[in-house]
Amino acid sequence: KALSLTQAKGLSADQQKELAAIEEAQRRGMAKVFEDMRTSLIQWAMKNQDRRIMLPKSMSAEDLELKVQERSAPTLIPKLRDPNFEEVEINAITKPYSYVRIKYNKVMHEYLYEIIEPQLTEEEVKTLKFVKDTLIRTLEYTFDETTHKDKEEYLRKSIDALLTSRGMTLVPVSRDRIAYYVIRDFIGFGKLDVLMKDPQIEDVSNDGVRIPIYVFHRKYGSIKSTLRFEDDLELDSFVINMAQRSGKHISVAEPLLDATLPDGSRLQATLAREVTTRGSSFTIRRFRDNPFTPPDLLRFRTMETSMLAYLWLAIEHGESMLICGGTASGKTARLNALLLFIPPQHKIITIEDTREINIPHENWIAGLTRAGFGARGSDGKAAGEIDMFELLRAALRQRPQYLMVGEVRGREAQTLFQAMATGHTVYGTMHADSVKAMVHRLENPPIELPRILLSSLNIVLLQGQVRVGQGM
């Protein structure tokens, strides 16, 4: 009809425009139909297939993938580019912020503990420094009696309020990265936060400045990590910070420290180059949040059923016992597990230099030694110092049914064995690799225990750290 009208003569200008509009609408309609058919055909053909995209000549596919991830994920796990390393495993510590990758060096035949945290841009580094400096000056909050979750929530709100007040707008992923580092440094363990949260880490050891931090991994043993302190000021500040958080003091005048961290880990540290020539050092011995139980000892094959049954009867009937072994052989862990056999209503007193015993009993007094202040007197003790001997002497006046001494090594052994001889049930640990070595240590200085008192000891348990199997 349109064609016949177009060819007709004698049409006015308005009629010709109307016919042209009709023809244009028909062409557009047909073009849309063909385009829809073409799109449907392409989607059917490309179903379950990878799509190809054009990249700039200077950008690889991996670079493009990293660019996309940078805008969505706080932390990127970099690919291994060194052919001498192979990836063994990757574990998330605080997902999606921190990860740990175990790598194996095929040339040196050793494992490496790699820590992966959020990578900051230059602008994010400047913003983080501004936020931390401002919060240090303006933060007014008492963290002593709040949970970690409450502290974290308060810091996040403070960061948001600060950025809003200064008119600073950040994309969500940048805000998350900055919040991660503020929380890590303010209420965490700073550089060591990932190590202190990894349940596979038993010990953390730093030997000095610009020396890699070594960790003792439950699966791979002692391995090197990618962390290190680059200068004396950074390391000294960290050691002083740890001492203050433990409620202790360390200085050039008293550069040695034994303390217990807020999470229960044991800290031994030295400050500056006074007694360690390579700079400040520290060793952190971590302890499980949930201590080992007797069934765990059976599952690990640390003890047999008959041994555990015998010790259960011995503990219930008040037999005294010493657990002997080398360093890090598991003496305290075994003692902690065996103390669970004590009936819950009985009174327990423990005496330790650093808090290690953790039992669920309510009727339990946990004694802890205290360092003195100022110069030492003629007796070798500083003013206000309370040692294990004084704690033990006070404990005997509190009528304990079970008495436990963390480590027997000094004059407290005299009182300990006197307590055994007078009918108290006593447990303790001691560094010795055999019964003969234990007797020699007890009979010689500085303990000098009369042999007649040894007859009060009923049981000696020997513990050793032994590698079993090819994978250990």
Side-chain angles (χ1 to χ4, degrees), residues 77 80 82 84-94 98-117 189 191-229 242 261 263-270 276 278 281-293 296-303 323-337 354 356 407 429 431-433 462-472:
I77 300 178
L80 284 180
D82 191 341
N84 294 328
F85 282 93
E86 65 178 3
E87 184 178 288
V88 179
E89 63 178 75
I90 294 181
N91 297 311
I93 305 300
T94 307
S98 58
Y99 299 85
V100 165
R101 174 161 58 189
I102 305 296
K103 301 190 295 187
Y104 182 73
N105 190 328
K106 294 180 287 187
V107 177
M108 303 299 295
H109 301 288
E110 62 181 10
Y111 291 98
L112 180 66
Y113 187 93
E114 181 185 9
I115 295 174
I116 304 172
E117 293 182 290
F189 290 91
K191 267 190 172 184
L192 268 61
D193 197 54
V194 175
L195 299 178
M196 298 300 289
K197 289 181 178 178
D198 188 350
Q200 298 299 321
I201 298 300
E202 293 186 356
D203 292 356
V204 180
S205 175
N206 178 76
D207 304 326
V209 179
R210 290 182 291 277
I211 300 173
I213 293 176
Y214 281 78
V215 299
F216 192 91
H217 197 278
R218 297 183 189 275
K219 186 175 181 181
Y220 303 103
S222 180
I223 57 178
K224 180 168 60 177
S225 75
T226 54
L227 287 182
R228 68 178 69 197
F229 290 91
M242 290 295 102
L261 292 173
D263 69 340
S265 300
R266 182 174 177 177
L267 170 67
Q268 199 289 324
T270 64
T276 46
R278 304 172 81 183
S281 66
F282 60 83
T283 300
I284 300 174
R285 293 186 62 187
R286 296 189 56 209
F287 296 98
R288 293 168 53 93
D289 295 333
N290 299 317
F292 289 127
T293 61
D296 291 329
L297 299 182
L298 289 177
R299 183 161 51 88
F300 299 151
R301 298 184 180 180
T302 304
M303 303 183 74
I323 299 179
C324 301
T327 302
S329 60
K331 301 184 296 295
T332 306
R334 175 179 287 200
L335 178 59
N336 200 104
T354 54
E356 295 179 349
E407 184 176 338
T429 64
H431 282 86
D433 57 2
L462 295 178
Q463 176 97 3
Q465 186 183 46
V466 182
R467 294 183 178 272
V468 180
Q470 298 180 352
M472 299 298 292

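We use all heavy atoms of the structure for the numbers below, so side chains are in, but hydrogens, waters and symmetry mates are not. On a predicted model such as this, the values are computed, not experimentally measured, just so you know.
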Take atom CZ in Arg299; do more than 12 heavy atoms of anything else shown fall under 6.0 Å from it? yes
Does Arg218 come within less than 4.0 Å of Glu202, counting only side-chain N to carboxylate O? yes
Given Asp203 and Ser205, is the side chain to side chain donor-acceptor pair (under 3.5 Å) satisfied, shown in steps? CA-CA 6 Å; Asp203 292 356; Ser205 175; over 6 Å; no
The test is side chain to side chain donor-acceptor pair (under 3.5 Å); show your working for Tyr113 and Gln200 and say whether it passes. CA-CA 11 Å; Tyr113 187 93; Gln200 298 299 321; over 6 Å; no
I'd like to know whether the aromatic ring centres of Phe292 and Phe300 sit less than 6.0 Å apart in this structure. yes
Look up atom CG in Asp207 and atom CD1 in Ile213, then write down how far apart they are to the nearest 0.5 Å. 9.5 Å
Any sub-3.5 Å donor-acceptor pair from Arg286's side-chain atoms to Asp198's backbone N or O? yes
Keeping the roles fixed (side chain from Ser265, backbone from Leu261), state whether a donor-acceptor pair exists under 3.5 Å. no
I'd like to know if Glu356 pairs up with Arg266 as an ion pair, taking the criterion as any Lys NZ or Arg NE/NH1/NH2 lying under 4.0 Å from an Asp or Glu carboxylate oxygen. yes
Is there a side-chain contact between Glu110 and Tyr220, using heavy atoms and a 4.5 Å cut-off? no
Cationic tip of Lys191 above Phe229 ring, under 6.0 Å, 45° of axis: yes
For Asp82, look at atom CG and say whether over 12 heavy atoms of other residues, nucleotides or ligands are found less than 6.0 Å away. yes
Salt bridge present between Glu407 and Lys331 (N-O < 4.0 angstrom): no
